2 protein chains.
Amino acid sequence: MYRIGELASLCEVKPDTLRFYEKHGLLAPSSRSESGYRVYSDADLSRLKFILRAKAVGFSLNEITELLSIELNKAEWACADVKGMVDDKLEQVSAKIAELLVFQDSLKRLSDACCGGPESAEHCSILEALETNRQVQAEHHAGFTPVADNKNLKASLAISAANKGKSSCC
Amino acid sequence: MYRIGELASLCEVKPDTLRFYEKHGLLAPSSRSESGYRVYSDADLSRLKFILRAKAVGFSLNEITELLSIELNKAEWACADVKGMVDDKLEQVSAKIAELLVFQDSLKRLSDACCGGPESAEHCSILEALETNRQVQAEHHAGFTPVADNKNLKASLAISAANKGKSSCC
DNA sequence: CTTGACCTTGGATTAAACTCCAAGGTTTAT
DNA sequence: ATAAACCTTGGAGTTTAATCCAAGGTCAAG
Ligand SMILES: [Zn+2]
Ligand SMILES: [Zn+2]
Ligand SMILES: [Zn+2]
Ligand SMILES: [Zn+2]
C-alpha cells in the first residue's frame, strides 16, 4: 500500500500527475485512508506501470484509456482489435520517419553547400536556397544514409568543415 | 499570387493557420490588395512549404522561426553561423530519427508477437507485454513465449487450432 | 506543542498550435 | 442587386498533459 507521494516517487512521476490521471479516469487509488489520503495497492502500481509503459511507447493518454478498457474486459476484444491499434501507431511512426529522412536529406544538402567560413552570410548558399527555395543539388557521392548515425554524421560534418574551399557559397 | 484561402487550400491548411503564422512571424504575405486582402507570392508559397515540411517532421514553430530568421538579417551573420544552425538542426533531426527507429522497433515486436486473429484478446501478447515488464524478443522468429497459463489451456488450444501457423499470442 | 513533511481540494496556469467567433467589408455570379 | 463566398480584425476557446497555487488537514519527531 502506497500513499500518493510514495507511488509517485516509485514510478518517477509527480503526485500531481497521479491526481491528473485519476481525474481523467486512468488510475484511481483503490482506497482511501481514514483521513482521506489516497491509498494505492500493488494492482494500482501495476496499472500505473501499464500506463507509463504505453506512454513510453508513444500512446497518448486517450489511446491508453482505450487500451485499458480492453485490458479490463479482454474477453470482449479480439487480438485483431489490439493489433490494429498497434499497427496504426506503427504506420504513423513509419510515416514520420520517412518525413524526417526527407528533411534530413535537405538539411544535409544545405549544409554541404555552405562554406561555413567567417565571411558575411550575404551570399550564403543556405540563405539563397531558403529565399528562392531552389533545391540544392544532391551530391552524387554523398548518397543518402537512411539510418541515424551520429558518429557518421559528425565525421561527415568534420569533413565538410575541412574542405571549406571546395563546396562553398562564398 | 494567392489570396489567403487559395494558399490555404493549396497547402491543406486553414486560413486561420496562415494568420496565426503571420502573427507569430513565420510567414507574412508579401503584399496586400487595395482592399486589404492578404496577397501571397510564390516565394511565400515556398516559404510555407518549408514551414510545413519542417513542422511535419516535428520541429516546433519556434525552431522553425529560428531557422528562418537567419534569412532576415543576413548581413549580421557569417556562413559559419548559418551553417552551424543548420547543422544543429541536422543533429536534432538525426536524434529524432534514432528515437523513432527505436520506437518503431518496439512496436514492430509487439505487432509481430500478436496473432491478430478474431480470437479473444485474453492471451494477447501485446497486452501481456504491456502488463509485464518483459520485453518482446527481437527477431527470433517464435521468440515470444506466452506465460504458461494452464487455467486456460482449453481456450489456448482452441485458438491455436484456429491459427494459421503464425507465431502469435494465441 | 510546534515544526516540517506530507496530504486534501478546487481552481488557475502553462505551453504549443491552432481553431472558432462576431461583426463587419469586398467580390463575384446569377 | 442581392446572395454566396470570400476577406478583415481582435479576441476568446480548444487540446494535451501536466504543473502550480492557496488554504487548510494529518502525522511523526524532537
Ligand atoms: Zn554559407
Ligand atoms: Zn560561405
Ligand atoms: Zn492472438
Ligand atoms: Zn494478440
Side-chain angles (χ1 to χ4, degrees), chain A residues 1-41 44-45 47-68 89 92-93 96 99, chain B residues 1-41 44-45 47-69 89 92 96 103:
Chain A
M1 297 306 211
Y2 318 90
R3 279 169 309 167
I4 195 169
E6 289 172 329
L7 183 62
S9 66
L10 211 82
C11 294
E12 295 173 292
V13 298
K14 298 190 179 175
D16 270 339
T17 302
L18 296 182
R19 294 191 196 99
F20 175 82
Y21 287 170
E22 184 177 351
K23 195 158 65 181
H24 289 73
L26 279 103
L27 176 69
S30 43
S31 57
R32 291 287 183 125
S33 76
E34 225 163 74
S35 55
Y37 285 16
R38 286 168 179 83
V39 174
Y40 295 89
S41 68
D44 297 333
L45 171 61
R47 192 181 168 98
L48 177 55
K49 281 183 177 168
F50 180 103
I51 291 166
L52 296 178
R53 252 177 257 125
K55 205 166 73 65
V57 163
F59 286 95
S60 73
L61 295 191
N62 276 345
E63 290 169 324
I64 294 169
T65 302
E66 215 178 331
L67 281 176
L68 284 169
K89 207 70 200 174
Q92 288 168 31
V93 169
K96 199 157 192 178
E99 284 175 306
Chain B
M1 295 308 207
Y2 318 92
R3 278 169 310 166
I4 194 168
E6 289 171 329
L7 183 62
S9 65
L10 240 160
C11 294
E12 294 173 291
V13 298
K14 298 190 179 176
D16 270 339
T17 302
L18 296 182
R19 294 192 197 98
F20 175 83
Y21 287 171
E22 184 177 351
K23 195 159 66 181
H24 289 71
L26 279 105
L27 177 68
S30 42
S31 58
R32 292 285 182 128
S33 77
E34 227 162 75
S35 55
Y37 285 16
R38 286 168 179 83
V39 174
Y40 295 89
S41 67
D44 296 333
L45 170 61
R47 194 181 167 99
L48 176 56
K49 280 182 179 168
F50 184 94
I51 291 167
L52 295 179
R53 197 169 50 158
K55 199 173 70 66
V57 298
F59 281 101
S60 71
L61 296 192
N62 278 345
E63 287 171 324
I64 296 169
T65 301
E66 201 185 338
L67 194 54
L68 288 173
S69 75
K89 299 298 172 194
Q92 286 171 29
K96 271 173 205 205
F103 181 24

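Below, chain A is the first sequence line, B the second, and so on; all start at residue 1. Worth saying up front: this structure is predicted, and the values here are computed from it rather than measured.
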Can you check the [X] [atom1] to [N] [atom2] distance for me, whole Å?
{"X": "A/N62", "N": "D/dT14", "atom1": "CG", "atom2": "P", "result": "16 Å"}
{"X": "A/E22", "N": "D/dT19", "atom1": "CD", "atom2": "C1'", "result": "17 Å"}
{"X": "A/I4", "N": "D/dA18", "atom1": "CD1", "atom2": "C1'", "result": "13 Å"}
{"X": "A/L61", "N": "D/dT16", "atom1": "CG", "atom2": "P", "result": "9 Å"}
{"X": "A/L27", "N": "D/dA18", "atom1": "CG", "atom2": "P", "result": "13 Å"}
{"X": "A/L52", "N": "D/dA18", "atom1": "CG", "atom2": "C1'", "result": "13 Å"}
{"X": "A/K55", "N": "D/dT16", "atom1": "NZ", "atom2": "P", "result": "15 Å"}
{"X": "A/L18", "N": "C/dC6", "atom1": "CG", "atom2": "C1'", "result": "15 Å"}

Please list, for nucleotides 27-29 of chain C, all pairs of protein and nucleotide N/O atoms separated by less than 3.5 Å.
from	atom 1	to	atom 2	distance (Å)
C/dT27	OP1	B/S35	OG	3.0

For the residue pair [X] and [Y], what are the closest heavy atoms and their distance?
{"X": "B/F59", "Y": "B/Q92", "answer": "CE2-OE1, 3.6 Å"}
{"X": "B/I51", "Y": "B/I64", "answer": "O-CD1, 3.6 Å"}
{"X": "A/R19", "Y": "A/R38", "answer": "NE-NH1, 3.8 Å"}

Less than 4.0 angstrom from a charged side-chain N to a carboxylate O is my criterion; do A/E22 and A/R32 meet it?
yes

Is the distance from OP1 or OP2 of [N] to the nearest side-chain N or O of [X] less than 4.0 Å?
{"X": "A/R19", "N": "D/dC21", "answer": "no"}
{"X": "A/K23", "N": "D/dA17", "answer": "no"}
{"X": "B/R38", "N": "D/dT9", "answer": "yes"}

Side-chain contact, heavy-atom cut-off 4.5 Å: B/S41 with B/D44?
yes

Heavy-atom distance under 4.5 Å between the side chains of B/P29 and B/V39, does that happen here?
no

Quiz question: by atom type and distance under 3.5 Å, do the side chains of B/T65 and B/N62 form a donor-acceptor pair?
no

For A/L26, is there any backbone N or O sitting under 3.5 Å from a side-chain donor or acceptor partner on A/R47?
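At least one qualifying donor-acceptor pair exists.
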
Give a yes or no on whether the backbone of B/G5 and the side-chain of B/S9 come within a donor-acceptor separation of less than 3.5 Å.
yes

Which nucleotide, D/dT16, D/dA18, C/dT19, lies nearest any side-chain atom of B/F20?
C/dT19

For DNA chain D, the residues among residues 5-16 of chain B that have a non-hydrogen atom under 4.0 Å from it
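Only B/G5 qualify.
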
